[in-house]
Number of protein chains: 2
Amino acid sequence: MLTIGALAKRTGTKVQTIRYYETIGLMPPPQRTAGGQRRYDEAELDRLAFVRHGRQLGFSLEAIRELLDLADNPAQSCAEADSIAQRQLKQVEDRIARLQVLQVELKRMICDCSHHSVAQCRVLEVLRDHSECLTDHDNIGA
Amino acid sequence: MLTIGALAKRTGTKVQTIRYYETIGLMPPPQRTAGGQRRYDEAELDRLAFVRHGRQLGFSLEAIRELLDLADNPAQSCAEADSIAQRQLKQVEDRIARLQVLQVELKRMICDCSHHSVAQCRVLEVLRDHSECLTDHDNIGA
DNA sequence: ATAGACCCTTCAGCCACTAGAGGTTCAAGA
DNA sequence: TCTTGAACCTCTAGTGGCTGAAGGGTCTAT
């Protein structure tokens, strides 16, 4: 039986995060000692590893929840798991594309700016200039 | 004089976001009509455009705040603006690299999984399997 | 028996917004 | 001048995915 700290160490998770997963119902309530401390078994370690690996791949907790449901009912077709992964891949590819646009623009900003005064600083100029704005006004934060 | 709605439209920002920027001190408190509505001029439009462009380039609001301070004091060297942009470029490049790793792994998951039953589903299998875990346990969320 | 490493709950905070409730003001048309 | 209704106002709460801290309790080795 693992303490929460041991489980945390073995999965590369913080203790608080494991408790957080429990409060949102992603991890089941584990056994407790007489004194009220959590004790975990191998099945729970597997489940947490699944969750963490999904997070590393960029899946949202909601997507992971769906995948866990699928894994719990293995009789169905895997088409749904496939489509969740497809959605995720598309998101990742979109993000890469957008970041590459930014990369180009940042490089252009930087290489033109070599320690002149702020007044002619290319970095600030580019940020100020509307005409050099990216046209995509949406989807900022992702 | 622009209403907040007009300003929002011209900068591709939501009205609430502009008010939010004001509460956190990123935008100055604007003039008000007798009835208490906000009215903006061109200088404020420029400032907001600067902020939004910075956001599109992935700068944090804190970084943008620093850049605005620099822009307000144009006598100094631009070395600092440069280094903010350098930091930002490095972050962007890190993100791209990590996303490309995920992209490869997701593609591998998907192309091996063509509508078999969940029991042999590659998507779920990959998520379950420790040995195929990414080694990088940190830096999940970014 | 005691030390101290670990665990518990609860609450607040992070970032960058976004949404909604419930009310007020403005500008254009009749 | 009056009325309509779109746009504005403040305030509060919620999002996702955690993280940190306060103020305690428990477990285990010595």
Side-chain angles (χ1 to χ4, degrees), chain A residues 1-27 29-40 44 48 50-68 87-88 91 95 98 137-142, chain B residues 1-27 29-40 44 48 50-68 88 91 95 137-142:
Chain A
M1 288 304 231
L2 299 162
T3 65
I4 194 168
L7 182 64
K9 204 164 269 176
R10 284 188 54 182
T11 55
T13 314
K14 299 217 170 184
V15 165
Q16 299 105 296
T17 304
I18 298 172
R19 291 198 278 246
Y20 168 70
Y21 287 164
E22 188 183 330
T23 65
I24 62 168
L26 208 61
M27 289 294 289
Q31 282 187 264
R32 300 270 189 156
T33 64
Q37 298 196 355
R38 291 171 180 80
R39 289 296 121 92
Y40 296 91
E44 281 153 330
L48 182 56
F50 185 106
V51 172
R52 294 310 286 174
H53 194 183
R55 290 293 298 135
Q56 281 166 349
L57 289 171
F59 289 92
S60 70
L61 291 183
E62 263 321 291
I64 290 169
R65 209 189 286 272
E66 288 180 62
L67 290 168
L68 282 166
R87 280 206 306 273
Q88 188 55 33
Q91 269 184 35
R95 273 188 229 170
R98 262 187 296 126
H137 269 312
D138 309 314
N139 298 325
I140 281 181
Chain B
M1 288 304 235
L2 297 162
T3 65
I4 195 169
L7 182 64
K9 205 164 268 176
R10 283 188 56 183
T11 55
T13 314
K14 299 217 172 184
V15 165
Q16 298 104 298
T17 305
I18 298 172
R19 291 199 278 247
Y20 168 70
Y21 288 164
E22 188 183 328
T23 65
I24 62 168
L26 208 61
M27 289 294 289
Q31 281 187 264
R32 300 270 188 155
T33 64
Q37 298 196 355
R38 291 169 179 82
R39 288 295 120 87
Y40 296 92
E44 282 154 328
L48 182 55
F50 185 105
V51 172
R52 294 310 285 174
H53 195 183
R55 290 293 297 135
Q56 282 165 351
L57 289 170
F59 290 92
S60 71
L61 291 184
E62 263 322 291
I64 290 169
R65 209 188 286 272
E66 289 179 61
L67 290 168
L68 281 167
Q88 189 56 34
Q91 270 184 34
R95 273 190 230 170
H137 268 311
D138 309 313
N139 298 326
I140 281 183

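Note that this is a predicted model, so its numbers are computed, not measured. Each chain gets a letter, A, B and so on, in the order the sequences are listed, and its residues count up from 1.
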Figure out the [atom1]/[atom2] separation between [X] and [N], and round it to whole Å.
{"X": "Met1(A)", "N": "dT26(D)", "atom1": "CE", "atom2": "P", "result": "19 Å"}
{"X": "Leu2(A)", "N": "dC7(C)", "atom1": "CG", "atom2": "P", "result": "11 Å"}
{"X": "Ile18(A)", "N": "dC18(D)", "atom1": "CD1", "atom2": "P", "result": "12 Å"}
{"X": "Ile4(B)", "N": "dA7(D)", "atom1": "CD1", "atom2": "C1'", "result": "11 Å"}
{"X": "Gln31(A)", "N": "dT26(D)", "atom1": "CD", "atom2": "P", "result": "19 Å"}
{"X": "Tyr40(B)", "N": "dC8(D)", "atom1": "OH", "atom2": "C1'", "result": "11 Å"}
{"X": "Gln56(A)", "N": "dG17(D)", "atom1": "CD", "atom2": "C1'", "result": "15 Å"}
{"X": "Met27(B)", "N": "dA16(C)", "atom1": "CE", "atom2": "C1'", "result": "16 Å"}

Grab the stems for DNA chain D, please: at least three consecutive Watson-Crick or wobble pairs, both distances below 3.5 Å, written as range with range.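 So far as stems of 3 or more pairs are concerned, DNA chain D shows C:1-30 with D:1-30.
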Indicate whether OP1 or OP2 belonging to [N] is found under 4.0 Å from a side-chain N or O atom of [X].
{"X": "Arg39(A)", "N": "dT26(D)", "answer": "no"}
{"X": "Arg52(A)", "N": "dC18(D)", "answer": "yes"}
{"X": "Tyr20(B)", "N": "dC15(C)", "answer": "no"}
{"X": "Arg32(B)", "N": "dC8(D)", "answer": "no"}
{"X": "Thr33(A)", "N": "dC27(D)", "answer": "yes"}
{"X": "Ser60(B)", "N": "dC15(C)", "answer": "no"}
{"X": "Thr3(A)", "N": "dC7(C)", "answer": "yes"}

Just the atom pairs and distances: protein N or O near nucleotides 19-24 of chain C's N or O, under 3.5 Å.
from    : atom 1 : to       : atom 2 : distance (Å)
dA19(C) : OP2    : Lys14(B) : NZ     : 3.4

Does some side-chain heavy atom of [Y] sit less than 4.5 Å from a side-chain heavy atom of [X]?
{"X": "Thr11(B)", "Y": "Val51(B)", "result": "no"}
{"X": "Arg39(B)", "Y": "Leu2(B)", "result": "no"}
{"X": "Ile64(A)", "Y": "Tyr21(A)", "result": "no"}
{"X": "Thr17(B)", "Y": "Arg52(B)", "result": "yes"}
{"X": "Arg32(A)", "Y": "Gln37(A)", "result": "no"}

For Ile24(B) and Arg65(B), what are the C-alpha separation, side-chain angles and deciding distance, and is it a side-chain contact (heavy atoms from CB on, under 4.5 Å)? CA-CA 10 Å; Ile24(B) 62 168; Arg65(B) 209 188 286 272; 4.2 Å; yes
5'-most contact on DNA chain C: Tyr21(B) or Gly5(A), nearest heavy atom basis?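 It is Gly5(A) whose nearest nucleotide is closer to the 5' end.
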Rounded to the nearest 0.5 Å, what's the gap from CZ on Arg38(A) to CD on Glu44(A)? Could you check?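 With rounding to 0.5 Å, CZ (Arg38(A)) is 11.0 Å from CD (Glu44(A)).
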Judged by each residue's nearest nucleotide on DNA chain D, which is more toward the 5′ side, Thr17(A) or Lys9(B)?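 Its nucleotide being nearer the 5' end, the pick is Lys9(B).
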Grab the two heavy atoms, one from Glu22(A) and one from Pro29(A), that are nearest each other, plus how far apart they are.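 Distance-wise, the nearest heavy atoms are OE2-CA, 3.8 Å.
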Can you list everything that forms a side-chain hydrogen bond (donor to acceptor under 3.5 Å, both in side chains) with Gln88(A)? Sequence neighbours excluded, please.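 If we apply the side-chain hydrogen bond (donor to acceptor under 3.5 Å, both in side chains) test to Gln88(A), skipping adjacent residues, there are no hits.
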Test Tyr40(A) against Leu48(A) for side-chain contact (heavy atoms from CB on, under 4.5 Å), laying out the working first. CA-CA 11 Å; Tyr40(A) 296 91; Leu48(A) 182 56; over 6 Å; no
